[in-house]
Amino acid sequence: MIRLICLVGGYGVGLIQTAYIYGRIKGVDIRKYGSGNAGTTNALRVLGKKAGLIVFLGDFLKGIIACSLTHIILGQLDVGNAYMFVLYTGLGVVLGHNFPFYMQFKGGKGIAASGGMIVGLWDWRLVVVLLAAFIISVVVTRYVSVGSLTIMIGFFILYTIFAIHGDYNFTSNAKMVEGIILAGVIAGMAVIRHLPNIKRLIAGTENKLSFGSKTA
């Protein structure tokens, strides 16, 4: 029951589509421009830096808030395996962001929301290492997609290492494995959503990071 509540609650929070809402305020359907994704990178390219920042913060914060509330509530109720349940909430947020039912299940790619989930896990090691990895990979390659994939793959690897090391207070090995599987699902979903980007990277046709507003 806790798993279901976390998943459904997270999905509800994930339905807050910052890019779509901001675009509508500006008279633009973000899904009809650029890559068609309702996410930070497309908002940045289509509507400019201010829009990109606002969309990122909105999607980022919904991951942090949902997952932090899970931590707080489960802590007050003295429920074990909090790190596993937080991942259920995070998975729900990403699913809501990527597949919003009221937008014909066509949302974003879930990287900002996933970043919020990572912060909401309350493990500063993940935040510091993955933030550094993202910045370095984007600065070096100028591909946001490379940075996004670096974050998600790195998250799965680090979470697995820390979980096996015993850092997340799982009550059993089964719960530890369940948590690792959830981390793998979240990371794998990000990779799948980036398959078109991966194909363009291989072909050398992926768009490099640029700024500006194409609809102004």
Side-chain angles (χ1 to χ4, degrees), residues 10-66 90-119 130-131 134-135 137-153 155 186-216:
Y11 183 82
V13 175
L15 291 176
I16 303 171
Q17 293 290 323
T18 314
Y20 179 74
I21 295 171
Y22 185 87
R24 281 302 192 185
I25 292 173
K26 296 297 183 179
V28 174
D29 186 343
I30 192 71
R31 299 171 299 172
K32 296 181 179 179
Y33 294 89
S35 66
N37 288 302
T40 299
T41 303
N42 200 37
L44 174 65
R45 290 190 174 121
V46 173
L47 296 169
K49 291 183 283 187
K50 179 181 176 181
L53 178 60
I54 290 173
V55 170
F56 169 77
L57 289 175
D59 293 341
F60 187 65
L61 286 173
K62 67 188 180 186
I64 294 177
I65 292 171
L91 176 59
V93 172
V94 174
L95 286 172
H97 178 81
N98 291 356
F99 309 107
F101 70 88
Y102 65 93
M103 292 171 56
Q104 293 75 51
F105 300 98
K106 295 179 180 179
K109 295 182 179 179
I111 300 303
S114 296
M117 175 204 68
I118 292 170
V119 174
L130 295 178
L131 178 60
F134 175 80
I135 293 173
S137 59
V138 172
V139 169
V140 171
T141 68
R142 287 183 58 206
Y143 292 121
V144 175
S145 55
V146 171
S148 300
L149 290 167
T150 299
I151 280 182
M152 298 314 299
I153 294 172
F155 161 67
I186 295 170
M189 193 159 51
V191 173
I192 291 173
R193 296 289 284 178
H194 280 78
L195 284 178
N197 303 83
I198 294 172
K199 292 178 181 178
R200 289 194 296 269
L201 285 168
I202 294 173
T205 58
E206 175 75 330
N207 292 323
K208 290 195 174 186
L209 182 63
S210 61
F211 300 96
S213 175
K214 298 181 181 179
T215 62

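Everything quoted here is computed from the prediction, not taken from an experiment. Residue numbers count from 1 along this sequence.
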Interatomic spacing from CG in Leu149 to CD1 in Ile111 - rounded to 0.5 Å: 7.0 Å
Using atom types as modelled and distance alone, determine if a side-chain donor or acceptor of Lys62 lies under 3.5 Å from a backbone N or O of Ile16. yes
How many angstroms lie between atom CD1 of Ile65 and atom CZ of Phe60, to the nearest 0.5 angstrom? 11.0 Å
Side-chain contact, heavy-atom cut-off 4.5 Å: Asn98 with Arg193? yes
Which heavy atom in Gly107 sits nearest to a heavy atom in Asn37, and how many Å separate them? O-OD1, 3.8 Å
If we only count heavy atoms from C-beta on, is the Lys109 to Ser148 side-chain gap below 4.5 Å? no
What's the shortest heavy-atom distance between Leu130 and Phe155, and which atoms? CD2-N, 3.6 Å
For the residue pair Phe101 and Tyr11, categorise the inter-ring angle as parallel (less than 30°), tilted (30 to 60°) or perpendicular (more than 60°). parallel
I want to check something: taking the side chain as every heavy atom from C-beta on, are Ile54 and Lys50 in contact at a cut-off of under 4.5 Å? yes
What pair of heavy atoms forms the shortest contact from Val55 to Thr18, and how long is it? CA-CG2, 3.6 Å
Please test Val28 against Leu47 for side-chain contact (heavy atoms from CB on, under 4.5 Å), starting from the C-alpha separation and ending with a verdict. CA-CA 9 Å; Val28 174; Leu47 296 169; 4.1 Å; yes
Shortest non-hydrogen separation from Leu15 to Gly96 and the atoms involved: CD2-O, 3.8 Å
Using every non-hydrogen atom in the two residues, find where Ala112 and Thr40 come nearest and quote the distance to one decimal. CB-OG1, 3.9 Å
Between Asn42 (side chain only) and Tyr33 (backbone N and O only), is there a donor and an acceptor less than 3.5 Å apart? yes
Do the non-hydrogen side-chain atoms of Val144 and Asn197 ever get within less than 4.5 Å of each other? no
Evaluate the criterion side-chain contact (heavy atoms from CB on, under 4.5 Å) for residue pair Ile151 and Ser114; output intermediate values, then yes/no. CA-CA 9 Å; Ile151 280 182; Ser114 296; over 6 Å; no
What I'd like to find out is whether the side chain of Gln17 reaches to under 4.5 Å of the side chain of Ile30, using heavy atoms alone. no
Can you confirm whether Val138 sits close enough to Val146 that some side-chain heavy atom of one is under 4.5 Å from a side-chain heavy atom of the other? no
Show your reasoning for whether side-chain contact (heavy atoms from CB on, under 4.5 Å) applies to Met117 and Val93. CA-CA 8 Å; Met117 175 204 68; Val93 172; over 6 Å; no
For the student: nearest non-hydrogen atoms of Ala43 and Ala51, plus distance: O-CB, 4.0 Å
Rounded to the nearest 0.5 Å, what separation is found between the CD1 atom of Ile118 and the CD1 atom of Ile64? 10.5 Å
Step by step, work out the side-chain contact (heavy atoms from CB on, under 4.5 Å) result for Gln104 and Arg31. CA-CA 11 Å; Gln104 293 75 51; Arg31 299 171 299 172; 3.6 Å; yes
